[in-house]
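What follows is a short report on a single structure.
Convention: sequence-line order gives letters A, B, ...; per-chain numbering from 1.
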2 protein chains.
Amino acid sequence: MADTWINKFKGLSRLPADIRAELEAGSQIVSVPSGTEIFSPGQTADNLWLLLDGTVKVQQKSETGREVFLYRVHAGESCVLTTACMLAFEDYSAEGTAETDVKAVAIPRKTFDDLVAKSPVFREFVFTAYSRRITDLFTLIDDIVFQRMDVRLASRLLELADEDNVVHATHAVLGTELGTAREVISRTLSEFQRRGWVEQSRGEVRLINKDGLERLVKSSSAHL
Amino acid sequence: MADTWINKFKGLSRLPADIRAELEAGSQIVSVPSGTEIFSPGQTADNLWLLLDGTVKVQQKSETGREVFLYRVHAGESCVLTTACMLAFEDYSAEGTAETDVKAVAIPRKTFDDLVAKSPVFREFVFTAYSRRITDLFTLIDDIVFQRMDVRLASRLLELADEDNVVHATHAVLGTELGTAREVISRTLSEFQRRGWVEQSRGEVRLINKDGLERLVKSSSAHL
DNA sequence: TGATCTTTGGTGACTTGGTCACCAAACTTG
DNA sequence: CAAGTTTGGTGACCAAGTCACCAAAGATCA
């Protein structure tokens, strides 16, 4: 009982026993392979996903066909913004893709609505998740408007690096992550390489001097 | 009974009588003068506001002291994003200011939480409002990243014009509305003036050829 | 094993937008 | 009306996005 998936989600551990039972009975665990489209424009979202393993990348497709990265959902978090659209019966304009193999709990609309009605703890969980995502969006907007590209790229590289300090992504992918052009990424990375912070090969960037990158990021948030 | 404020809000007219009664009893109508700070970072939001009259401008203040415009709440709409933070007991990073004299219904946290629990219609109202705001934010991000400044300024001028086709705003204000610098606004407006679309005087822009502005806006959304 | 195709990255020229420094004109306040 | 404040204008410069094009690294397949 103590090792149920429910305890992996911070706000849910305080749920009373009856609600837990309903939540477990009314939802199911699903696994999807890397690359799966989890939700997309035109498709009604019918489930709230709580991620157990893997990451989901949420992007906005613009009319002109280009894409902007919005945020990334990690294990222990939920794709909660879809719920607004799920309950509002409105179409979602963003799309979510599994970046890795993903294991998740899918809560159907019916169960979700029921639990929101019944459980104050579940309600707080949902609204807290909202609050976090919305704050993230505000921060993103702020970043796009005021932050220099080199700083944004440096901090994104640090986030995306694996345990060997390698980022597996093409310049084009990094471009859409930051909402900029591939050329800008190429130039900025050359500059980082010239300074001895990174080494590049096709499809990957090795961070060989994280300190340099970190100093660049810090220097920008310190104009007080 | 039919002329209650409740009917001014699209999703609420279907509320059953008992819920209506609770909503009316548990909320109050407030009036604040133009310029009032309705919510701001550091202050916990204790009420959900439903606007009856006037407009509220929601901005994000960055660490560097600059501001980005996020969205505008009109009569018949709600400041719903504050509720996430209200229920999540998290601080809000954005601030809301009355742009005009504002009349609104303030629903305290307690009443709000209660109604979300009890009423499916109220729940749908809340989630629909969320969905709309979030979609607006997505559109904003898309705009910032991909749209040219002249197009963005033209469409904003058309939005902000009063019945006499005059926009009452300084270049600096228009700058923060669009997340750009005053100088850029000045240059772009000079260009619009040169083309005979607008006339300027201190603190206001008169649209004398809306067609020109509208054509510019349309031309940009038509690259299919 | 090459020949060809596709994906990825590099580059120069140019345009747009943001920053800085500074000034001038228009209002406001005493 | 004099002095201060707000608003708008301008040139020089830098950062970033766009366009056109090419070259190198892998992938595919006869």
Open item on the list: Side chain of B:His171 only, heavy atoms from C-beta on: which candidate in D:dG8, D:dT10, C:dT8 is closest?
Closed with: D:dG8

TODO: Would you kindly check if the NZ (Lys) or CZ (Arg) of A:Arg132 is within the cone defined by 45 degrees around the ring axis of A:Tyr71 and under 6.0 Å from the six-membered ring centre?
DONE: no

Open item on the list: Taking the minimum atom-to-atom distance to the side chain of B:Arg182, which one of C:dG18, C:dC22, D:dG17 wins?
Closed with: C:dC22

- [ ] Measure from the side chain of A:Arg148, starting at C-beta and using heavy atoms only, and say which of D:dA16, D:dG9, D:dG17 lies closest.
- [x] D:dA16

TODO: Determine: side-chain N/O of B:Ser186 to OP1/OP2 of D:dG9, distance under 4.0 Å, yes or no.
DONE: yes

Open item on the list: Taking the minimum atom-to-atom distance to the side chain of B:Glu183, which one of C:dT19, C:dA13, D:dA16 wins?
Closed with: C:dT19

Task: Under 4.0 angstrom between A:Thr180 side-chain N/O and D:dG17 OP1 or OP2 - done: yes

Open item on the list: Does C:dT6 have its OP1 or OP2 closer than 4.0 Å to a side-chain nitrogen or oxygen of A:Arg202?
Closed with: no

TODO: Could you check how far CZ of B:Arg66 sits from P of C:dG18, rounded to whole Å?
DONE: 11 Å

Open item on the list: If I take atom CG from residue A:Leu160 and atom CD from residue A:Glu177, how far apart are they, to the nearest 0.5 angstrom?
Closed with: 5.0 Å

Task: Distance, rounded to the nearest Å, where B:Glu204 contributes CD and C:dC27 contributes C1' - done: 13 Å

- [ ] Can you figure out which of C:dT19, D:dG9, D:dT7 approaches the side chain of B:Gln200 most closely?
- [x] D:dG9

Open item on the list: Salt bridge or not between A:Arg72 and A:Glu159? Use side-chain N to carboxylate O under 4.0 Å.
Closed with: no

Task: Six-ring centre of A:Phe192, A:Arg187 cation under 6.0 angstrom, axis tolerance 45° - done: no

Open item on the list: If you assign B:Arg187 and A:Gly203 each to the DNA chain C nucleotide with the nearest heavy atom, which residue ends up on the more 5' nucleotide?
Closed with: A:Gly203

